[in-house]
Amino acid sequence: MIYLDNSATTRPFDSVITAVSENMAGNFGNASSLHKMGINAEKVIKDAKAVLTGALGLEGEILFTSGATETSNTVLFGVPKAYKHNGKRIVTTSFEHPSVENPMKKLCEAGYEIVRVKPPKRDEPGGFEERVIGAVDDNTLMVSVMWVNNETGFITDVAKIYNAVKRKNPKTIVHCDAVQGFMKLPGKTLRADLISLSAHKIHGPKGIGAMYAAKGVRFEPLLFGGGQQKGLRSGTEPTDLIAGFAEAVRSYPDCSAKYAELSERLKNRLSGLPDIGINSYNNAKNILNFSVRGVRSEIMLHFLEEREIYVSSGSACSKGKTSGVLAEFGVPDKDADCAIRVSMSPFTSESDIDALVEGISDGIKRFRR
Ligand code: PLP
């Protein structure tokens, strides 16, 4: 089996499976309990927070959630309620994940002005961060910019945006969906007031995510209940999943050089095939989006699946529904229909890449019209 759909989700590390099952078996207390079992469970949370802030290289609070979707919803609906008098303008991008874009639509209905900055064109790179910064004014409540785009791998310099926004309007809160960059881009290069993270994209368990919040940043909670996590996210903390999340962070190796080499290899091999268009630019090297012109994505995806090679159709955010994000990156509709997204992991090898390209080559011979 060759799994190249790691932007969708990842195979849990063995160490993660061990950490989760050991906690479930031997450390199942409720972190709110006053006895020793509660204290042991609480320690799991405390240790995991230190692991996450350490990996980010930031000082601040960590809140555990059910995933990045919940984190981003909490931020996007909670910040406007906590800072009612800071303005009505929200600056974001035209290529956010639905977990940010759909809350933005709701905020627009509620009367907020949403400014969506488009990515730079492939042949005119640069200037994107400046345009985001330029869109911030005295009335700007919040900026929300993703770190790495999940479809093309496009990287935004969020720290640059953060620093300039704080100089221009110190009241503006900067949020970042860092799901696809966390542990994959060099660590400690991100800066934001609020950050969305997810465990299952870094070989941790599904159903557990986190919010990083810089000291003093406020938001109204999304969930009310037993008052866990200082009342900011009620609900019994899933300490076994939290242990798994921390273990995934500890276990994720530095793959920057590996991803760069594999990405070059993939691009070189693809350049030997007819009618390939590369859709990614300024991208994280673990993600490559390309079009196999003349063969629809789903046809190629299922052809590769027969060989137990798993990729994603490059333009779909959920089953059968295209997201329109590729169009934002200048990919014509006919190429978007033929797009394939390959996303790698620490498990990916050169022979996986070669088998993929061989599969695509055979697919082209069989299906291209
Ligand atoms: N943001 C990005 C960029 C993603 O790729 C995903 C996952 O598809 C999410 C957010 C949602 O994360 P979760 O599955 O943890 O809710």
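Quantities reported herein were computed from a predicted structural model and do not represent experimental measurements. Counting starts at 1 for both ligands and their atoms, in listed order.
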Could you tell me whether ligand 1 has any atom less than 4.0 Å away from a heavy atom of K201? yes

What do you reckon, does G67 have a nitrogen or oxygen under 3.5 Å from a nitrogen or oxygen of ligand 1? no

Numbered in order shown, the ligand 1 atoms found under 4.0 Å of a heavy atom of S198 are 13 (P), 15 (O)

Write down the atom of V91, the atom of A135, and the distance for their closest heavy-atom approach. CG2-O, 3.6 Å

Within-shell test, G209 vs ligand 1, heavy atom, strictly < 4.0 Å: no

Quick one: nearest non-hydrogen protein atom to atom 12 (O) of ligand 1, plus distance? A68 CB, 3.4 Å

So the atoms of ligand 1 within less than 4.0 Å of a heavy atom of H200 turn out to be 13 (P), 14 (O), 15 (O)

Measure from the ring center of F64 to the ring center of Y212 and say whether it is less than 6.0 Å. no

In ligand 1, which numbered atoms sit nearer than 4.0 Å to a non-hydrogen atom of M146? 3 (C)

Atoms of ligand 1 close to D177 [distance to a heavy atom under 4.0 angstrom, numbered from 1]: 1 (N), 2 (C), 3 (C), 10 (C)

Residues T172 and T140: side-chain donor-acceptor under 3.5 angstrom: no

Check whether any side-chain N or O of S297 sits under 3.5 Å from a backbone N or O of A339 as a donor-acceptor pair, and report yes or no. yes

Which of the ligand 1 atoms, numbered from 1, are nearer than 4.0 Å to a heavy atom of Q180: 3 (C), 4 (C), 5 (O)

Passes salt bridge (charged side-chain N to carboxylate O under 4.0 Å, His left out), R265 versus E350? Steps please. CA-CA 8 Å; R265 187 180 187 94; E350 289 184 351; 3.4 Å; yes

I'd like to know if the side chain of Q180 reaches the main chain of S7, judged simply by a donor and an acceptor atom lying under 3.5 Å from each other, with no hydrogens or angles considered. yes

closest protein heavy atom to atom 4 (C) of ligand 1 is H97 CD2, 3.3 Å

Candidate pair F128 and F95, rule ring pair (Phe, Tyr, Trp, His ring centres under 6.0 Å), full reasoning: CA-CA 12 Å; F128 173 66; F95 51 88; 5.6 Å; yes

Take the angle between the ring planes of F245 and F182 and call it parallel below 30°, perpendicular above 60°, tilted in between. perpendicular

Among protein heavy atoms, which lies nearest atom 11 (C) of ligand 1, and at what distance? T69 OG1, 3.5 Å

Proximity to ligand 1 by part of N150, non-hydrogen separation under 4.0 Å: side chain

